[in-house]
Amino acid sequence: MSAPPASLPGTLPATLVGFARTLRAAGVAADPERVQAMIGALDHLSAGDPSDVYWAGRLTLCAGPDDLPRYDRCFASYFSGEVPRPVPRSTPPVIVRFAAEPAPGSREEGSGEEPADVRLATASAAEVLRRRDLARLSAAERAEVYRLIALLKASAAHRRSRRYRPASSGRVDPHRTVAEILRRGGEISRLHHRTHRERPRRVVLLVDVSGSMSPYADALLRFAHSATRAGPRTTEVFSVGTRLTRLTRELRHREPDTAMTAVSAAIPDWSGGTRLGEELKEFLDRFGQRGTARGAIVVIASDGWERGDAGLLGDQMARLHRLAHRVVWANPHKARPGYEPLTAGMMAALPYIDAFVAGHSLGALEELAELIGSERREVVSGA
């Protein structure tokens, strides 16, 4: 097996552009964006290694199985060498995601090429960010995670209503059946049926904005914005810390940044202390007991660092558990190795929690959105 020309590293862009022209002549959709992806891959590999060049091009320039034989022939011909074959390695698998085709006008001027019908396959940075702790992200990574949070669909599952709707089978509808008989002069022509209507379950989010939650509060509030956008009539959001603040109206803004600006102006106790028991009691007295929490999915996003009376928190959690359909507690620290819910607040609340989950990353928030949308009830321990 001969290596690519020795001048390849120094003339990498020109060499790869010529290789892409050869591939396009053979029917492979190696457009300029794919060439840029290959150059970016070789930045992390060795451009002088024929095996690295081969696999970087195969993963970025080929769009499907039909392109592989053509790519092999063109590679051997262009670089005048054999096609490198895979060597078993103990590296972890690479997650590949199909990204949307670039918008018209983003291609190089004067290329004269038609837009490719095949989507670009690239290693997605989003897959890497999914498991990264929100507290350890750079500014650029945090902005990308916020963009992805805005795309979440945190809508609740449906519940059976007391009202009915017509159905083709099931329980007989006596009113419509009798009305039909009377219209036909007493002749029984058919039986009408009915079934219960369904309506989305109410979702209530209580987001801790105290100082210990400051690395996660912004992302959790953006998650609450996504939930509000998904169910504007059935979602209520409150911040808890030293005061209880209702944020539902502010989070109904369409744009996430506009909503967050309104939220920042509405919350008077950012990065303060934590009195979860007192704030939960105020929520239940003012809103929950009157209907907001009845039959709802209540999500509490907090690390459980209670500075007030832990006994009061336990009493109010028991009260909430009797009212709500399901109580979910999202604690960002739960994902840390060796974590145990040993704080006084978590120990008081845990017996009344149906699901105890993490809320530290994009992936954890995606799982939380799925949990809100499911009807399963699960008691999750703090282990």
Q. Do the side chain of S210 and the main chain of S271 share a donor and acceptor less than 3.5 angstrom apart?
A. no

Q.
Could you check whether any side-chain N or O of R307 sits under 3.5 Å from a backbone N or O of G273, counting only pairs where one atom can act as donor and the other as acceptor?
A. no

Got a second to check how far [X]'s [atom1] is from [Y]'s [atom2], nearest 0.5 Å?
X	Y	atom1	atom2	value
R131	S361	CZ	OG	6.0 Å
I297	L371	CD1	CG	7.5 Å
S169	L191	OG	CG	12.5 Å
L276	S302	CG	OG	4.5 Å
L61	R70	CG	CZ	14.0 Å
R73	T22	CZ	OG1	13.0 Å

Neighbour count above 12 (heavy atom, 6.0 Å) for [X] [atom1]:
X	atom1	answer
R176	CZ	yes
R336	CZ	yes
R252	CZ	yes
R294	CZ	yes

Q: Return the set of residues passing side-chain contact (heavy atoms from CB on, under 4.5 Å) with S264 (not counting sequence neighbours), or none when no residue passes.
A: W270

Q.
Using the side-chain contact (heavy atoms from CB on, under 4.5 Å) criterion, which residues pair with R290? Sequence neighbours excluded.
A. none

Could you tell me if the side chain of [Y] sits less than 4.5 Å from the side chain of [X], heavy atoms only?
X	Y	value
R130	L148	no
S239	L247	yes
I353	M346	yes
T258	R254	no
R21	C74	no
L129	E144	yes
T15	Y78	yes
L320	Q316	no

Non-hydrogen atoms of [X] and [Y] that approach each other most closely:
X	Y	value
T234	P200	CG2-CG, 3.9 Å
A358	H360	CB-ND1, 3.6 Å
T235	T248	O-CG2, 3.5 Å
F75	P50	CZ-O, 3.9 Å
R243	P268	NH1-CG, 3.6 Å
D208	M213	O-CB, 3.5 Å

Q) Should the pair F238 and F283 be assigned to parallel (<30°), tilted (30 to 60°) or perpendicular (>60°) ring geometry? A) perpendicular

(Q) For F356 and Y339, take the angle between the two ring planes, folded into 0 to 90°, and tell me which bin it lands in: parallel under 30, tilted 30 to 60, perpendicular over 60. (A) tilted

Q. According to the ring-ring contact (aromatic ring centres under 6.0 Å, His included) rule, which pairs have a member within residues 134-154, sequence neighbours left out?
A. none

Q | Sequence neighbours excluded - ring-ring contact (aromatic ring centres under 6.0 Å, His included) pairs with any residue from residues 215-236 | A | none

Q: Please assess V298 against R326 for the test side chain to side chain contact (heavy atoms under 4.5 Å, CB included), listing each intermediate value before the final yes or no.
A: CA-CA 6 Å; V298 180; R326 193 172 357 141; over 6 Å; no

Pairing of [X] and [Y] as salt bridge, 4.0 angstrom limit:
X	Y	answer
R286	E279	no
K281	D309	no
R319	D315	no
D269	R275	no

Say whether [X] and [Y] are linked into one hydrophobic cluster, either directly or through other cluster members, by side-chain heavy-atom distances under 4.5 angstrom.
X	Y	value
I300	L312	no
Y54	L68	no
W305	L280	no
V327	M347	no
L137	L151	yes

Is there a donor in the side chain of [X] and an acceptor in the side chain of [Y], or the other way round, less than 3.5 Å apart?
X	Y	answer
S51	D49	no
S212	D303	yes
T292	E236	no

Q) In the hydrophobic clustering that connects Ile, Leu, Val, Met, Phe, Trp and Tyr at side-chain heavy-atom distances below 4.5 Å, which members other than L182 occupy its cluster, ordered by chain and number? A) V178

**Q.** Any residue meeting side chain to side chain donor-acceptor pair (under 3.5 Å) with R249, in chain and number order, not counting sequence neighbours
**A.** none

Q.
Run V209 and T245 through side chain to side chain contact (heavy atoms under 4.5 Å, CB included) and show every step you take.
A. CA-CA 10 Å; V209 295; T245 306; over 6 Å; no

Q) Can D257 and R222 be said to form a side chain to side chain contact (heavy atoms under 4.5 Å, CB included), step by step? A) CA-CA 9 Å; D257 291 337; R222 288 176 180 269; 3.2 Å; yes

